[in-house]
Number of protein chains: 2
Amino acid sequence: MISNKAKYAFRALLAIAAAPEGEAMTSSEISRRYTIPHKFLEQILLDLKKAGILDSRRGKSGGYVMLRPADTVSFGEVLRIFEGPLAPLPCLSRQSYRRCEDCVSEANCEIRREFGRSYDASRQVLDARTIGDALANTPFGTPLPLEVRRAG
Amino acid sequence: MISNKAKYAFRALLAIAAAPEGEAMTSSEISRRYTIPHKFLEQILLDLKKAGILDSRRGKSGGYVMLRPADTVSFGEVLRIFEGPLAPLPCLSRQSYRRCEDCVSEANCEIRREFGRSYDASRQVLDARTIGDALANTPFGTPLPLEVRRAG
DNA sequence: GGAGTTCCCTATTGAATAAGTAGGCATTTA
DNA sequence: TAAATGCCTACTTATTCAATAGGGAACTCC
């Protein structure tokens, strides 16, 4: 199960991305619309800003806007901000690889092998699908975002 | 990341399933071989027994054996014993469905839709691959275990 | 039949994480 | 310059993780 924090982040991001171009949404507005505790949401939006996904304006008529286009922000990227590595085992994480302690042979580890298959399958979806796709309800399949096409 | 408990469970299961037919493995033996804290491992093996996966004999020359054939025990089944529902959202779990609180429309929830795709992909692997497959290093693909063929 | 070995069961602990709460400072603009 | 907004840090409370601890129950083998 993903954390509430991550779920709130997705709700907020989808709302901000769906707002009319250039129009900022305030944290209070989002908080009200989705009944997310306001102070908690502020922390979340701040994390998204630090990650370079959102931009913000302060003061009256301030709020949050997308810094990058919604169809370049994948579900995987957002999830990693709030949950850390998505890999089921430390030895399967590309971004933050760590050997399993007491592992004798990584290459012959059945657990690693099987979970690797499962992780590959879910990663392929999470890193391919973007906030933009979700809003447009793009059917899953061919049009992959740039990063993934390059990485693949 | 999966818990240590689950990882230990897989190590133990793979060892027991790999043992010569009818030959019991003791918790101490497994504990020594994989440097798993003995008392902790006992709890784990007990859970696997209660779940109907292992059988045990007490006293001298006791130990644990598989109750069901290794190729009927899927990774998903074992994982659920130790981690609870594998679904990323409560509203995506078939086995223990729960509505997300404050959810307005499940059918129109983009988060549910996208995570549903990802979960489907990983579930298809975890529920199809068995302890037996892992030991035999069966290539992933065609020969699904019975339960999955029926459920699908 | 008793010693030794094994599994069985429950309770407790210490650290980390989750999910917020709280309070106030900084900046902008009407 | 006042009101609204974002920005930052600290704290709290409950839960889960990863063991540890201590003993009881059953079985086997001499």
Side-chain angles (χ1 to χ4, degrees), chain A residues 1-12 16 19 23-32 34-67 79 81-85 88-90 100-102, chain B residues 1-12 16 19 23-32 34-67 79 81-85 88-90 100-102:
Chain A
M1 299 271 174
I2 72 174
S3 63
N4 267 6
K5 206 169 182 178
K7 215 192 298 184
Y8 292 159
F10 283 113
R11 287 229 189 96
I16 293 167
E23 202 160 295
M25 285 201 80
T26 68
S27 61
S28 312
E29 165 73 14
I30 299 170
S31 162
R32 235 177 294 114
Y34 299 102
T35 36
I36 301 171
H38 181 238
K39 282 295 202 177
F40 195 30
L41 178 63
E42 280 190 322
Q43 294 174 19
I44 293 168
L45 293 171
L46 210 39
D47 286 341
L48 287 170
K49 183 187 172 163
K50 282 176 187 155
I53 292 176
L54 291 181
D55 201 358
S56 63
R57 286 200 303 266
R58 291 210 263 197
K60 216 160 182 168
S61 83
Y64 294 87
V65 291
M66 296 299 289
L67 180 56
L79 206 52
I81 294 170
F82 296 98
E83 313 268 320
L89 299 168
C100 282
E101 343 177 6
D102 303 325
Chain B
M1 300 273 174
I2 71 174
S3 64
N4 267 5
K5 206 169 182 176
K7 215 192 299 184
Y8 293 158
F10 283 114
R11 287 230 189 95
I16 294 167
E23 203 162 295
M25 287 201 80
T26 68
S27 60
S28 313
E29 165 73 12
I30 299 170
S31 163
R32 236 177 294 115
Y34 298 102
T35 36
I36 302 171
H38 182 239
K39 281 296 202 177
F40 195 30
L41 179 62
E42 281 190 321
Q43 292 173 21
I44 293 167
L45 293 171
L46 211 39
D47 286 341
L48 287 170
K49 183 187 172 163
K50 280 176 189 154
I53 291 176
L54 292 180
D55 202 359
S56 63
R57 287 200 303 267
R58 290 210 261 199
K60 213 160 186 166
S61 82
Y64 294 88
V65 290
M66 297 298 291
L67 181 57
L79 206 51
I81 295 169
F82 296 98
E83 313 268 316
L89 300 169
C100 282
E101 341 176 8
D102 302 325

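Heavy-atom basis, side chains included; hydrogens, waters and symmetry copies ignored. In the text below, chain A, chain B and the rest are named by the order of the sequence lines, each starting its count at 1.
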Does any N or O donor sit under 3.5 Å from an N or O acceptor when you compare the side chain of A:Lys49 with the base of D:dG6?
-> no

Does any donor-acceptor pair link the side chain of B:Lys39 with the base of D:dG23 at a separation under 3.5 Å?
-> yes

Nearest 0.5 Å, what's the CZ-CZ distance between A:Phe10 and A:Phe82?
-> 8.5 Å

Round to a whole Å and report the spacing from [atom1] of [X] to [atom2] of [N].
X       : N      : atom1 : atom2 : result
B:Asp47 : D:dA18 : CG    : C1'   : 14 Å
B:Arg57 : C:dC8  : CZ    : P     : 12 Å
A:Leu45 : D:dC7  : CG    : P     : 9 Å
B:Lys7  : D:dC17 : NZ    : P     : 14 Å
B:His38 : D:dA18 : NE2   : C1'   : 16 Å
A:Leu46 : C:dG24 : CG    : P     : 20 Å
A:Asp55 : D:dC7  : CG    : C1'   : 14 Å
A:Arg58 : D:dC8  : CZ    : P     : 7 Å

Any side-chain heavy-atom pair from A:Leu54 and A:Met66 closer than 4.5 angstrom?
-> yes

Answer whether the closest heavy-atom distance between the side chains of A:Ile16 and A:Ile30 falls below 4.5 Å.
-> yes

Which nucleotide sits closest to the side chain of [X]: [options]?
X       : options                : answer
A:Ser56 : D:dG6, C:dG20, D:dA26  : D:dG6
A:Asn4  : C:dC9, C:dG20, D:dC7   : C:dG20
A:Ser61 : D:dG24, C:dT29, C:dA26 : C:dT29
A:Phe40 : C:dA19, C:dC8, D:dA19  : C:dA19
A:Glu42 : C:dT21, D:dC27, D:dC8  : D:dC8
B:Gln43 : D:dT20, D:dA18, C:dC8  : D:dT20
B:Lys60 : C:dC7, D:dG23, D:dC29  : D:dC29

Within the side chain of A:Ser56, is there an N or O that forms a donor-acceptor pair under 3.5 Å with the backbone of A:Gly63?
-> no

Where A:Leu45 and A:Ala12 come nearest, the two heavy atoms and their spacing = CD2-CB, 4.0 Å

Does A:Ser27 make a side-chain N or O approach to OP1 or OP2 of D:dG6 shorter than 4.0 Å?
-> yes

At under 4.0 Å, does any side-chain N or O of B:Tyr8 touch on OP1 or OP2 of D:dC17?
-> no

Hey, which of these two, B:Lys50 or A:Pro37, hits DNA chain C nearer its 5' end, going by closest nucleotide?
-> B:Lys50

